[in-house]
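Working notes, beginning with the structure itself.
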Number of protein chains: 2
Amino acid sequence: MKEEQKTEQIILDAAEIEFLDKGFALAKTTEIAARAGVNHALLHYYFRTKENLFEKVFELKVRELSESLQVIIGKDSPFMDRVKGGIEAHFDFIASNPKLPHFIFNELIQNPRRLEKCKPMIAPVLAAIYNTMKIGIAKSVKEGIIRDIDPMHLMYDIVSMNVVVFVMQPVIGEVIEVEGKQYADFLKQRKAENVETILSRLRV
Amino acid sequence: MKEEQKTEQIILDAAEIEFLDKGFALAKTTEIAARAGVNHALLHYYFRTKENLFEKVFELKVRELSESLQVIIGKDSPFMDRVKGGIEAHFDFIASNPKLPHFIFNELIQNPRRLEKCKPMIAPVLAAIYNTMKIGIAKSVKEGIIRDIDPMHLMYDIVSMNVVVFVMQPVIGEVIEVEGKQYADFLKQRKAENVETILSRLRV
DNA sequence: TGTTTGTTTAACAGCGTTGTTAAACCCTAG
DNA sequence: CTAGGGTTTAACAACGCTGTTAAACAAACA
């Protein structure tokens, strides 16, 4: 009987698409209702305000993006393998959520109140990753496996390389014509390139 | 007598600040007028519409960002030096225009019509850089100075590394407390890290 | 059966923003 | 001195979007 989703969830799903696509400012509640195949009065019946609905979507997405960083750490294995695996996992996550990074940062930049609310969600995640990396790096440096590097910079390196290609894709993809299959190939190359670049940076 | 700028330019300057800060959707013409120290009727007297005013600002900024890529090429000198100099120059440009990349991409993503209009401005610049890089790389590979790399990927590598730190700064800077002097130091480190990472990737 | 819950319809109030207009004003170049 | 362009004031029309409301309706359920 509960085969079809509840209406509330249907609206949330529609909202997610709309918000990720246009951002809070340009998204319209009427459009979300339409996309959900539902009357726009009903949307307000469930969520009362646009802000309300947005927050529900946004918090979920912030959590997802935070967790995506955790995969960079990976499980216990030789350091270089862990880094490689971490970069690839992180890349794959962004690849299946290509609009996520730009969306999150855009909303946080444009609305200080939201940023304030999210601090406590983001800070501990960053701290945890930083510490884990620091330990792994220190150990591997002592073993002479890698060059020394500030964990903060390593994080920036990985995130930079993995995120930018997807943020720029909507623009670059229009400027440089590329077919679907070609783009898939390009992404595969890009993933390899990112891994290789970071590993080169680490190799003694 | 022409010591003070013309009103039109004053409005443009105010608009630039406002648009870069909030983006087209959230910027208010009244706010721009106020910031320009000018009546809001006068703004419309000069530019008629918000869209009009925005386009004037936007085209200028797209040109600036495009040109910033050109510095990556640099002048004639040993390849590794050229790359190093290029990365540093590009980094410095973004450092003094930290909001520019996010602004441009955000507007292009959110408004397909604008993207369409900008294609002819962007495409030739990219093509030119691509070709110059391709030649430089081919030559240096033959000389055994660097490993082979697709010019496209090298471009992505450099831009990724240089841009992300500034895009993320408004958020990360809130999450991780950092004083002014410390931030300046961090940027210096970051620039060195970016150069080192790219050069490591290229070294045989 | 009647009650409740979810849903639609349709109309509308309120708000903020953009863009317009008319009138008066001020400065300065001719 | 005066004519014209730049500028202000103040008011307002128009628009689109958010959020509300009342009434009717459908379906599940007691």
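Values below: all heavy atoms of this structure, side chains included; hydrogens, waters and symmetry mates excluded. Chain A is the first sequence line, chain B the second, and so forth, proteins listed ahead of strands; every chain is numbered from 1.
Under the rule for a ring-ring contact (aromatic ring centres under 6.0 Å, His included), B:F105 has no partner lying at least two apart in sequence or in another chain. Applying the ring-ring contact (aromatic ring centres under 6.0 Å, His included) test to B:F93 and every residue at least two apart in sequence or in another chain returns nothing. The side-chain hydrogen bond (donor to acceptor under 3.5 Å, both in side chains) check on B:D157 picks up A:R190, with sequence neighbours excluded. Partners of A:E16 by side-chain hydrogen bond (donor to acceptor under 3.5 Å, both in side chains), not counting sequence neighbours, listed by chain and number: A:K61. Partners of A:F91 according to the ring-ring contact (aromatic ring centres under 6.0 Å, His included) rule, which considers only residues two or more places apart in sequence or in another chain, are A:F166.
Per the geometry, OH belonging to A:Y46 stands 8 Å off C1' belonging to C:dT7, to the nearest Å. Atom CG of A:N39 is separated from atom C1' of D:dA26 by 15 Å (rounded to the nearest Å). Here C:dG6 presents its C1' atom at 14 Å from CG of A:L43, a figure rounded to the nearest Å. Put simply, CG on B:L26 is 15 Å from P on C:dG16, counting in whole angstrom units. Put simply, NZ on A:K6 is 12 Å from C1' on C:dT5, counting in whole angstrom units. Distance, A:L42 CG to C:dT7 C1': 6 Å, rounded to whole Å.
Here B:F47 lies out of heavy-atom contact (under 4.0 Å) with every strand.
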- [ ] Would you give a per-nucleotide map of nucleotides 14-21 of chain D, 5' to 3', where B means the base has a protein non-hydrogen atom under 4.0 Å away, S means only the sugar-phosphate does, and - means neither?
- [x] ---SSBBB
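Counting only residues at least two apart or in different chains, salt bridge (charged side-chain N to carboxylate O under 4.0 Å, His left out) contacts with residues 86-108 of chain A comprise A:D21-A:K99, A:K84-A:E88, A:D92-A:K191, A:E107-A:R114. Sorted by first and then second residue, the salt bridge (charged side-chain N to carboxylate O under 4.0 Å, His left out) pairs involving residues 25-48 of chain B (not counting sequence neighbours) are B:E18-B:R35.
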- [ ] Evaluate ring pair (Phe, Tyr, Trp, His ring centres under 6.0 Å) for A:F186 paired with B:Y156, printing each intermediate quantity in order.
- [x] CA-CA 12 Å; A:F186 173 70; B:Y156 264 108; 5.6 Å; yes
Open item on the list: Using the rule given for salt bridge (charged side-chain N to carboxylate O under 4.0 Å, His left out), can you reason through A:E193 versus A:K188, listing the C-alpha separation, both sets of side-chain angles and the distance that settles it, and then say yes or no?
Closed with: CA-CA 9 Å; A:E193 169 70 18; A:K188 225 166 129 189; over 6 Å; no
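An OP1 or OP2 oxygen of C:dT8 is reached within less than 4.0 angstrom by no side-chain nitrogen or oxygen of A:Y45.
Over its length, the helix from C:dT1-D:dA30 to C:dG30-D:dC1 turns its helix axis by 10°, as judged from the five terminal pairs at each end, rounded to 10°.
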